[in-house]
Protein chains: 2
Amino acid sequence: METTTRVLIYEDNADLRASLSQLLAGAPGLVMAGALGNCTQAEADMERLRPDVVLMDIDMPGCTGIEGLRRIKAVVPGIQVVMLTVFEENDRVFDAICAGADGYLLKKTPPGRLIEAIGEVRAGGAPMTPAIARQVLRLFPKVPRRAPDESPANLSAREQEILGLLVEGYSYKMIAADRGISIDTVRSHIKKIYEKLHVRSMTEAVSKALRQGLT
Amino acid sequence: METTTRVLIYEDNADLRASLSQLLAGAPGLVMAGALGNCTQAEADMERLRPDVVLMDIDMPGCTGIEGLRRIKAVVPGIQVVMLTVFEENDRVFDAICAGADGYLLKKTPPGRLIEAIGEVRAGGAPMTPAIARQVLRLFPKVPRRAPDESPANLSAREQEILGLLVEGYSYKMIAADRGISIDTVRSHIKKIYEKLHVRSMTEAVSKALRQGLT
DNA sequence: GGCGCGACTGCATAAATATGTGAAAAACAG
DNA sequence: CTGTTTTTCACATATTTATGCAGTCGCGCC
């Protein structure tokens, strides 16, 4: 094992990129391999900069971090990739894990912890926040578990069904046709759903449904 | 949420059980619900001792910790169970996770970390050693996925941004106000987004965005 | 039986969205 | 510098949504 770790950063925000870069450059045992604003040339970047560890922002224009991660792992699986994100959003954690992420931290992670995390992946660990660790465990589908905390959002069977169709992108008309009920009925069901979820539009309802997995 | 956490220990080694018990009893915010040598009466124990957190030795005569875990989760899924083991064996980690473990630590974990870990599960985290965390991540690619769907969906930065707001439930008007642009501009961005994502409504766009993590 | 509730239907109106056409300034790449 | 993409704005129109009000029907419950 080399004594120094080459770190590459992908982060679209130039300010954050610069400060992260500076921070890590000052850490003992770390050397910056680069700091880029997008991962559209991920494969070439690996070839050229030869990092040991990559810090990858998950929200980037052009090519998302997930996509970048996938491409990196496809060409050089040995590189350790730690994802950085603002939110601990379920789907993305799942996608990132499936794509082979070696760690998953929040952008607001304190500098010290970040440097520690780099050491951790190098040592074969998998740095992640407690909440994400929990999510990861929950992702194992063998024993589906109910979230003990959040609202049951007691939707009736019919309402759940319709919410599911909304999530699929169905319009009122399509739902009515699909379920053989009148469009006015669809309206009234959706009104109820809005009340129960405390939302005021299809968009919000879909978002809430997907986020808290009550589809 | 109560201010104290009731902890139950299952550990067949009497000496270790006693010292753990004593250790935890001395920690602020913790109170021992019990310390047992086997989990053959797990269901009844839960009923009787009502723990918030269970520390479960994985190697026990009579009824293994995995089996005990399964039975606990079957009757009271809300109880947080942290597994304790001597080795970081792959199979057992996998079985434990699948059975619903909320954390996974080594017996040699220093006392301080153990107490910290109990706080962590209570707070919705999932304490585990770095090596185990890594193992857990590695267990994933076994279940590969990713829609054979299509394109990288090359959204421009602005488009991603607006899509993000849609996901948050913003209306055209709100987006225009939020970003200080005209509502017609918002329309035109959204039209482009629809083209690129191959959708025809906000609902579909939000759904697609959340599902394939391109927010 | 009477009551409440959930599923269902209908109608009406105001607001928001989908879609097309057109176009100019700015940013960027070759 | 030139062509492409992005971002911005405008106007018009057909649909779709959001919301309120009103009523029927079946079911479990006291």
* **For B:Arg70, salt bridge (charged side-chain N to carboxylate O under 4.0 Å, His left out) partners two or more places apart** => B:Glu67
* Asked: What is the distance from CZ of B:Arg200 to P of D:dA14, rounded to the nearest Å?
  -> 17 Å
* Is B:Glu120 paired with A:Arg134 through a side-chain N to carboxylate O contact shorter than 4.0 Å? -> no
* **Length of the line joining A:Met174:CE and D:dT15:C1', which is rounded to integer Å** => 14 Å
* **Sidechain N-carboxylate O distance under 4.0 Å for A:Glu159, A:Lys196** => yes
* Those residues that, when tested against B:Glu161, pass salt bridge (charged side-chain N to carboxylate O under 4.0 Å, His left out) (two or more places apart) -> B:Arg158, B:Arg179
* **Any residue meeting salt bridge (charged side-chain N to carboxylate O under 4.0 Å, His left out) with A:Arg48, in chain and number order, not counting sequence neighbours** => A:Asp45
* Check whether more than 12 heavy atoms from other residues, nucleotides or ligands sit under 6.0 Å from atom CD of A:Gln22, and answer yes or no. => no
* Reported CE-to-OG1 distance for the pair B:Met56 and B:Thr64, which is rounded to 0.5 angstrom -> 8.5 Å
* Heavy atoms under 4.0 Å is the rule here; annotate nucleotides 25-30 of chain C 5' to 3' with B where the base is hit, S where only the sugar-phosphate is, and - elsewhere. => ------
* Flag the pair B:Met46 / B:Ile72 as yes when at least one side-chain heavy-atom distance between them is below 4.5 Å, and no otherwise. => yes
* Would you give the length of the straight line joining atom CG of A:Leu8 to atom CD1 of A:Ile79, rounded to the nearest 0.5 angstrom? => 8.0 Å
* Asked: Using rotation axes that map the C1' atoms of four end pairs onto the next four (five pairs an end), what angle separates the end axes of the helix from C:dG1-D:dC30 to C:dG30-D:dC1, to 10°?
  -> 60°
* Structure fact -> Readout for nucleotides 3-17 of chain C: B = base within 4.0 Å of protein heavy atom, S = sugar-phosphate only, - = neither; 5' to 3' it is ----SBBBB----SB
* Is A:Asp57 salt-bridged to A:Lys107, going by a charged N under 4.0 Å from an acidic O? -> yes
